[in-house]
Amino acid sequence: AQKITQTQPGMFVQEKEAVTLDCTYDTSDQSYGLFWYKQPSSGEMIFLIYQGSYDEQNATEGRYSLNFQKARKSANLVISASQLGDSAMYFCAMRPLFDYKLSFGAGTTVTVRA
Amino acid sequence: GAVVSQHPSWVICKSGTSVKIECRSLDFQATTMFWYRQFPKQSLMLMATSNEGSKATYEQGVEKDKFLINHASLTLSTLTVTSAHPEDSSFYICSATSSGSPIGELFFGEGSRLTVL
């Protein structure tokens with residue numbers, strides 16, 4: 001069984017600044033994948049970034065980077081140069097490597113201020 | 001990326017009626033699809049795993065007679081909320097993974113917002 005914890009219900013960030021969203025997880029699986037998704041108010045789920053448990057380097061995807069600390073079981077998302085369009089709910093998720101069933105954290109609502 | 005389409009986006013129905021939600025993979029074949037339910041400002045809760053050609057696997061606490069799932073083809077899964085009641089009002093979202101994706105991320109439909117009066 002997996003458990004994903006996002007302790008920040010909501011965050012405010014100034015436009016053009018960076019923001020870090022926390023995610024910790026617990027799993028008994030040795031191989032797993034970590035994902036971040038963005039959910040705007042419209043409801044669709046947008047895939048942002050992926051980190052495999054055996055990946056040695058932190059994943060980056062444009063303005064998104066994942067600060068992966070395996071020993072601490074954390075996978076924080078960093079959004080650099082925030083834009084107004086980044087205002088949304090962000091979910092951390094994980095699954096065992098050989099199972100597509102994804103478990104989600106509680107989510108963090110990010111509001112970008114002009 | 002792979003595209004998953006859900007229909008309808010919004011549905012309002014009277015209590016006691018049944019509602020069917022369709023989930024289609026438009027440009028790939030999905031042997032497995034997942035149905036999630038989401039209450040406002042909350043996380044996505046997995047309801048069931050839909051497997052093409054076989055019975056769905058429901059998560060603990062999900063009534064399979066209330067939420068009927070059919071996955072009759074490699075591109076279509078349907079969720080039918082039977083005898084809907086106001087407490088079934090929620091956002092339902094489906095997802096699928098494409099074998100063409102190297103990391104196996106889930107691609108989500110647009111979601112269906114159900115309101116039961």
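Chain identifiers are assigned alphabetically (A, B, ...) following the order of the sequence lines, protein sequences preceding nucleic acid strands; residue numbering begins at 1 within each chain.
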**Asked** Got more than 12 heavy atoms from elsewhere within 6.0 Å of CD, A:Glu61?
**Response** no
**Prompt:** Do other residues, nucleotides or ligands put more than 12 heavy atoms under 6.0 Å from A:Met11 CE?
**Reply:** yes
**Request:** Report yes if some heavy atom in the side chain of B:Phe107 is under 4.5 Å from a heavy atom in the side chain of A:Ile46; otherwise report no.
**Result:** no
**Asked** Do the side chain of A:Tyr37 and the main chain of B:Leu106 share a donor and acceptor less than 3.5 angstrom apart?
**Response** yes
**Message:** Give me the atom names and distance for the closest heavy-atom approach of A:Gly105 to B:Ser43.
**Reply:** O-OG, 2.6 Å
**Message:** Taking atom NZ as the centre, does A:Lys70 end up with more than 12 heavy-atom neighbours from other residues, nucleotides or ligands that are less than 6.0 angstrom away?
**Reply:** yes
**Message:** At a heavy-atom distance under 4.5 Å, which candidate from B:Ser9, B:Ser95, B:Gly104, B:Gly111 has the highest pair count against chain A?
**Reply:** B:Gly104
**Request:** Could you tell me which portion of B:Glu105 (side chain, backbone, both or neither) has an atom closer than 4.5 angstrom to a non-hydrogen atom of chain A?
**Result:** both
**Asked** Is it true that atom CD of A:Glu56 has more than 12 heavy atoms of other residues, nucleotides or ligands lying nearer than 6.0 Å?
**Response** no
**Request:** Below 4.5 Å from any heavy atom of chain B, which atoms of A:Phe47 appear? Answer side chain, backbone, both or neither.
**Result:** side chain
**Request:** Verify the neighbour count for atom NZ of B:Lys20: are there more than 12 heavy atoms of other residues, nucleotides or ligands below 6.0 Å?
**Result:** no
**Close side-chain approach of B:Tyr36 to A:Phe104, heavy-atom, < 4.5 Å** = yes
Could you give the side-chain donor-acceptor pairs of residues 107-114 of chain A under 3.5 Å, partners two or more places apart or in another chain?
| from | atom 1 | to | atom 2 | distance (Å) |
| --- | --- | --- | --- | --- |
| A:Thr108 | OG1 | A:Gln8 | O | 2.7 |

**Request:** Could you note down all residue pairs passing side chain to side chain donor-acceptor pair (under 3.5 Å) where residues 107-117 of chain B supplies at least one of them, sequence neighbours left out?
**Result:** B:Gln6-B:Ser112
**Message:** Using the rule that Ile, Leu, Val, Met, Phe, Trp and Tyr join whenever any side-chain heavy atoms are under 4.5 Å apart, tell me whether B:Trp35 and B:Leu114 fall into a single cluster.
**Reply:** yes
**Request:** For chain B, find its close neighbours in residues 74-98 of chain A: heavy-atom separation under 4.5 Å, sorted by number, or none.
**Result:** A:Met89, A:Phe91, A:Arg95
**Request:** Taking the side chain as every heavy atom from C-beta outward, state whether A:Gln39 and B:Phe91 have any atom pair closer than 4.5 Å.
**Result:** yes
**Prompt:** What part of B:Ile103 gets closer than 4.5 Å to chain A, counting heavy atoms only: side chain, backbone, both or neither?
**Reply:** both
**Message:** Does B:Lys64 have more than 12 heavy atoms from other residues, nucleotides or ligands lying within 6.0 Å of its NZ?
**Reply:** no
**Request:** Could you pull out all residues at least two apart from A:Lys101 that satisfy side chain to side chain contact (heavy atoms under 4.5 Å, CB included)?
**Result:** A:Asp99, B:Phe34, B:Leu46, B:Thr49, B:Glu59
